[in-house]
S.K.: 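Shown below is the structure under consideration.
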Number of protein chains: 2
Amino acid sequence: MEDIPKETQRFRVRGHLWLESEKDRFLGPGRIELMEKIKEHGSISKAASAMGMSYKKAWNLVLSMNSQVEKPLVLTQTGGSRGGGAVVTPEGEHYIEAYKALVVRFQEFLANETRHLQG
Amino acid sequence: MEDIPKETQRFRVRGHLWLESEKDRFLGPGRIELMEKIKEHGSISKAASAMGMSYKKAWNLVLSMNSQVEKPLVLTQTGGSRGGGAVVTPEGEHYIEAYKALVVRFQEFLANETRHLQG
DNA sequence: TAGCGTTATATATCGAGATATATAACGGGT
DNA sequence: ACCCGTTATATATCTCGATATATAACGCTA
C-alpha cells in the first residue's frame with residue numbers, strides 16, 4: 001500500500017449497508033429514516049411527503065418490512081377520528097437502535113480504511 | 001442486542017463498498033471486474049461483452065477511472081494489426097490488488113456483524 | 001348519513017438510464 | 001488502395017422503475 005501514488009489522498013472509501021433475508025431487503029437507510037418520520041408525524045403519508053417520497057413507495061416499504069417479521073415494526077390504522085395513522089412498535093424501535101449502532105461501527109470501519117488508503 | 005427476537009437469525013448484514021473522489025466514483029466492483037476482463041481479453045470491447053456490458057458503458061467507465069489519476073489505469077490503442085486493444089497498466093494492477101484486500105477486510109466486517117446480529 | 005383524512009390498491013403516465021444503432025478514425029496487413 | 005477489428009463518439013430507441021392519478025375502504029365525528 002505504501003507505493004500508491006500521492007493522488008490517492010483524494011479518494012475516500014465509502015459504502016452502503018443493509019440487512020436482508022433470503023431474497024428481500026429488510027432494513028436499510030431509507031427504511032430506517034421512514035420509520036423515524038412515522039414516529040415523528042404519526043402517519044405514513046406525512047412521513048412520506050416529509051422525506052420527498054411517494055406514499056405508494058412508503059407503503060410498499062412498510063409492507064415489505066412487516067412481512068419479514070412475526071411482530072410488525074409499524075402498525076397502521078384506517079379510519080377513525082383523524083382518518084387513521086401509523087405508529088412504530090417497540091420492535092420497530094429496537095431495530096432502529098440496532099441499525100444505528102451498526103452504522104456507527106461501519107462509519108468507523110470506513111474512516112479507518114480511508115486512513116489506511118491514504119497512509 | 002440480546003433481546004432481539006429469534007427471527008433475526010434469518011437476516012444477514014450486507015453492503016457495497018467503493019472509492020470515490022470529490023464528486024465522481026473512482027473504483028467499485030464493476031470497474032474492478034472490468035479491468036480484470038481487460039487484462040484477460042486485451043480489449044475493452046471483448047471485456048465488455050464478456051461481462052454482458054455494453055461497449056459504451058465500459059468505455060465510459062475507463063474514461064472516468066483514467067480521468068481521476070495522473071497515470072492512467074488502462075491504456076488504449078486504436079488501429080494496428082489487430083485493430084487496436086487495451087491493457088491494464090501497473091498502476092491499474094496496483095489498484096486492483098489494493099481494492100481486493102479492502103474487500104477481504106469488508107467481508108470480515110460483514111460476517112462479524114452478521115454474527116453479532118444473530119448472537 | 002354525510003364529511004374527514006388516512007390507509008389500501010390499481011392503473012396510467014413519465015423520465016432517466018440503459019441499450020441499440022450508426023459513423024468516423026485509426027493504423028498495420030495484404 | 002482496400003480490408004480488418006478495434007477505439008471513439010453521437011444519436012435514436014427502448015425498457016423499466018418511479019411517479020402521478022384515481023378510487024375504494026375505513027371508522028370516528030357530528
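Note that the structure is predicted; figures quoted are calculated from it, not measured. A note on names: the letters A, B, ... follow the listed sequences, proteins ahead of strands, and every chain is numbered from 1.
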S.K.: Short of 4.0 Å, heavy atom to strand atom, which residues of residues 37-54 of chain A count as contacting DNA chain D?
M.R.: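 Per residue number, the list is empty: none.
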
S.K.: Reading nucleotides 24-30 of chain C from the 5' end, what letters show protein touch, with B for base, S for backbone sugar-phosphate only, - for no heavy atom under 4.0 Å?
M.R.: --BBSS-

S.K.: Between atom OH in B:Y55 and atom P in C:dT23, what is the gap in whole Å?
M.R.: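 One finds 18 Å between P of C:dT23 and OH of B:Y55, rounded.
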
S.K.: Is a donor from one side chain sitting under 3.5 angstrom from an acceptor on the other, for B:Q118 and B:T114?
M.R.: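 The answer is no; no qualifying pair exists.
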
S.K.: Can you name the nearest heavy-atom pair linking B:R25 to B:S64, along with the distance?
M.R.: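 It is O-OG, 3.6 Å.
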
S.K.: Identify all pairs in which a protein N or O lies below 3.5 Å from an N or O of nucleotides 10-16 of chain C, and state each distance.
M.R.:
from, atom 1, to, atom 2, distance (Å)
C:dT11, O4, A:K56, NZ, 2.7

S.K.: Rounded to the Å, how far apart are B:N60 CG and C:dT19 C1'?
M.R.: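 Nearest whole value for this atom pair: 13 Å.
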
S.K.: CH2 of A:W59 versus P of D:dT19: gap in Å, rounded?
M.R.: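 Rounding to the nearest Å, CH2 of A:W59 and P of D:dT19 are 18 Å apart.
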
S.K.: Tell me whether B:I96 is reachable from B:V87 by hopping between hydrophobic residues (I, L, V, M, F, W, Y) whose side-chain heavy atoms are closer than 4.5 Å.
M.R.: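 Different clusters: B:V87 never reaches B:I96 through Ile, Leu, Val, Met, Phe, Trp or Tyr contacts under 4.5 Å.
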
S.K.: Say whether A:Y55 and A:M53 are linked into one hydrophobic cluster, either directly or through other cluster members, by side-chain heavy-atom distances under 4.5 angstrom.
M.R.: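 Both belong to a single hydrophobic cluster.
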
S.K.: In whole angstroms, how far is the C1' atom of C:dT7 from the CG atom of A:L75?
M.R.: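 Atom-to-atom, A:L75 to C:dT7, this comes out as 13 Å.
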
S.K.: Among B:L110, B:V104, B:L102, which residue satisfies the side-chain contact (heavy atoms from CB on, under 4.5 Å) criterion with B:F106?
M.R.: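 By the side-chain contact (heavy atoms from CB on, under 4.5 Å) criterion, B:F106 pairs with just one of B:L110, B:V104, B:L102: B:L110.
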
S.K.: Less than 4.0 angstrom between a side-chain N/O of A:T76 and OP1 or OP2 of C:dT6, yes or no?
M.R.: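 Result: no.
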
S.K.: Just how far, in rounded Å, is C1' of C:dA8 from CG of A:N66?
M.R.: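 It is 14 Å, rounded to the nearest whole Å.
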
S.K.: Tell me whether A:L117 is reachable from B:Y95 by hopping between hydrophobic residues (I, L, V, M, F, W, Y) whose side-chain heavy atoms are closer than 4.5 Å.
M.R.: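 They do share one cluster, since a chain of ILVMFWY contacts under 4.5 Å joins B:Y95 to A:L117.
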
S.K.: Calculate, to the nearest 0.5 Å, the distance between atoms CG and CZ belonging to B:L19 and A:R10 respectively.
M.R.: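 Here the rounded value is 11.5 Å.
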
S.K.: Would you compute the distance between atom CD of B:E113 and atom CZ of B:R14 and round it to the nearest 0.5 angstrom?
M.R.: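 Here the rounded value is 15.5 Å.
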
S.K.: Return the value, rounded to whole Å, for the distance between atom CG of B:L34 and atom C1' of D:dT7.
M.R.: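 Atom CG in B:L34 sits about 14 Å away from atom C1' in D:dT7.
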
S.K.: Hydrophobic clustering (ILVMFWY, side-chain heavy atoms < 4.5 Å, transitive) - are A:W18 and B:L17 grouped together?
M.R.: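 They do not share one cluster, since no chain of ILVMFWY contacts under 4.5 Å joins B:L17 to A:W18.
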
S.K.: Starting at atom CG of A:L63, determine the distance to atom P of C:dA8, rounded to an integer number of angstrom.
M.R.: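 Going from CG in A:L63 over to P in C:dA8 covers 8 Å.
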
S.K.: What's the NZ-C1' distance between A:K57 and D:dA18, to the nearest Å?
M.R.: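 Between C1' of D:dA18 and NZ of A:K57: 8 Å.
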
S.K.: For the residue pair B:M35 and B:L73, establish whether any side-chain heavy-atom pair is separated by less than 4.5 Å.
M.R.: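 Touching, per the 4.5 Å side-chain cut-off.
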
